[in-house]
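Working notes, structure below.
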Amino acid sequence: MITVLAGGVGAARFLRGLVTIVDPATITAVVNTGDDSLINGLRVSPDLDTVTYTVAGAIDAERGWGLGDESWRVMESLGRYASVRPDASDAANTWFNLGDRDLATHLYRTARLHEGATLSAVTDEIRRAWGLRIGLVPMTDDRFETMIEIVEESGFRTVPFQEYFVGLRHGVPVRSIGFAGAESARPNFLPLVNESEAIVIAPSNPLVSIGPIRALAGVDDSLAANRERVVAISPIIAGAAIKGPADRMLGELGMEASAVGVARLYAPVCGTLVIDAQDAHLASAVEAEGVRCIVTDTIMSTPGVAGDLARVTLAAVLEKGR
Ligand code: FO1
């Protein structure tokens, strides 16, 4: 079994490559749910849906989220009610775009959760509906909300993740990150860590995609106990993230926005870090953090490149094991 700890876009692209080189039935993606939110009364799980849609080949490639061939008539129609909505209301949310086809997923998930189904059960139903052969597991079925404390002229303010990421277009400095519910949310996947030949930390945001997964009780200890079989791919290349605010967040929180900074973050739980060829000169500094360093092309411009990256990533821990 290969377990992949996953956030959104970067992880989804990696999985799209991984399924081309190993039997998908031997892969389980454990996905961040800290981004999940209630939008227009619907339970939205962005990272689970981005992984599902990408591996199913249905993702909108340009946006990296939501479905291709999409229309926005419901969102346009919702705009009518924004003009009459009371100030304190969250109804008629038109800044978080839910496409007409994408809505079906949120309607189904919300109805099933309302019937008392667990997020794991609903996720498996959605997975099967899209014909995915990989396993797909939310990191927890319990409430867990990533909260971002931002810096504004008027002072500090804590907002839910999507309000930071989409509402504010992650255009404000971050002062701290909090995980509401982390102390009581139960991880869904600890047995998987012990049973897996390889645990891959996908190229996702180390702080708000992988961080939530690690914040769950027992996860860091379990990964550390299996450290030799844990391999990560740096989402920071030449000091920048391919997509999203990971580099800025690392800097704003006083960490190094580089492959070395990622090695330092992951060193307690991860024995090997795969970095991009552009950062080859950092390999010795990564190893100085106590993490074995592999250098290869990590920019997944095509599923073929993603497949090569997956092959190199697995070889780093599977051959070592032999
Ligand atoms: N990201 C945006 O920047 N703008 C959006 O309007 C938006 C809507 C959206 C709807 C469904 C979904 O699954 C994801 C969506 N995302 C949107 C992306 C989402 O905010 C991110 O994928 C994650 O939360 C961060 O990885």
Side-chain angles (χ1 to χ4, degrees), residues 4-16 29-56 58-76 78-79 82 90 92-110 119 122-123 126-127 129-130 136 138-139 144-148 159-172 174 177 179 201-213 235-236 241-249 300:
V4 179
L5 305 187
V9 178
R13 289 201 177 129
F14 174 76
L15 283 162
R16 193 127 160 80
V30 174
V31 182
N32 168 45
T33 59
D35 294 4
D36 291 14
S37 46
L38 191 67
I39 302 272
N40 288 314
L42 298 172
R43 293 282 300 272
V44 179
S45 296
D47 284 349
L48 280 165
D49 291 347
T50 294
V51 168
T52 302
Y53 293 164
T54 301
V55 175
I59 196 82
D60 180 279
E62 188 216 324
R63 273 182 270 119
W65 51 267
L67 289 167
D69 187 24
E70 188 58 280
S71 56
W72 307 92
R73 294 183 51 90
V74 171
M75 291 304 289
E76 287 155 14
L78 204 51
D90 283 334
N93 173 323
T94 53
W95 55 262
F96 192 85
N97 294 294
L98 295 171
D100 297 331
R101 298 179 66 218
D102 187 30
L103 271 171
T105 304
H106 312 306
L107 289 169
Y108 181 75
R109 179 185 292 115
T110 303
L119 183 59
V122 183
T123 298
I126 293 169
R127 177 190 72 84
W130 285 92
L136 193 57
M139 69 181 197
F144 187 111
E145 289 174 271
T146 299
M147 303 299 287
I148 309 292
V159 296
F161 179 81
Q162 294 302 348
E163 189 174 332
Y164 161 74
F165 190 84
V166 179
L168 298 166
R169 300 194 186 294
H170 48 79
V172 290
V174 171
I177 297 168
F179 300 133
I201 300 178
S204 299
N205 185 315
L207 299 172
V208 291
S209 294
I210 304 301
I213 299 174
I236 303 293
I242 295 285
K243 190 178 172 74
D247 46 1
R248 275 182 286 118
M249 290 176 121
M300 298 174 280

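Small disclaimer: the values here were computed from a predicted structure and weren't measured. Both counts, for ligands and for their atoms, begin at 1 and track the order of listing.
- At a threshold of 4.5 Å between non-hydrogen side-chain atoms, the residues L98 and L78 do not count as touching.
- With sequence neighbours left out, R127 forms a side chain to side chain contact (heavy atoms under 4.5 Å, CB included) with D124, L132, L136.
- Taking 4.5 Å as the limit, some side-chain heavy atom of I148 sits within range of a side-chain heavy atom of V208.
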inquiry  = Applying side chain to side chain contact (heavy atoms under 4.5 Å, CB included) to S45 and L119, what does each step give before you reach the verdict?
reply    = CA-CA 10 Å; S45 296; L119 183 59; 4.1 Å; yes
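- At most 12 non-hydrogen atoms from other residues, nucleotides or ligands lie less than 6.0 angstrom from CZ of R43.
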inquiry  = Y164 vs V172, test: side chain to side chain contact (heavy atoms under 4.5 Å, CB included). Steps then yes/no.
reply    = CA-CA 8 Å; Y164 161 74; V172 290; 4.0 Å; yes
Atom pairs, nitrogen or oxygen, ligand 1 to protein, under 3.5 angstrom:
unit_1: ligand 1; atom_1: 1 (N); unit_2: W65; atom_2: NE1; d: 3.4
unit_1: ligand 1; atom_1: 6 (O); unit_2: N97; atom_2: N; d: 2.9
unit_1: ligand 1; atom_1: 6 (O); unit_2: N97; atom_2: ND2; d: 3.0
unit_1: ligand 1; atom_1: 20 (O); unit_2: Q162; atom_2: OE1; d: 2.8
unit_1: ligand 1; atom_1: 24 (O); unit_2: D35; atom_2: OD2; d: 2.9
unit_1: ligand 1; atom_1: 24 (O); unit_2: Q162; atom_2: NE2; d: 2.7
unit_1: ligand 1; atom_1: 26 (O); unit_2: D47; atom_2: OD1; d: 3.2

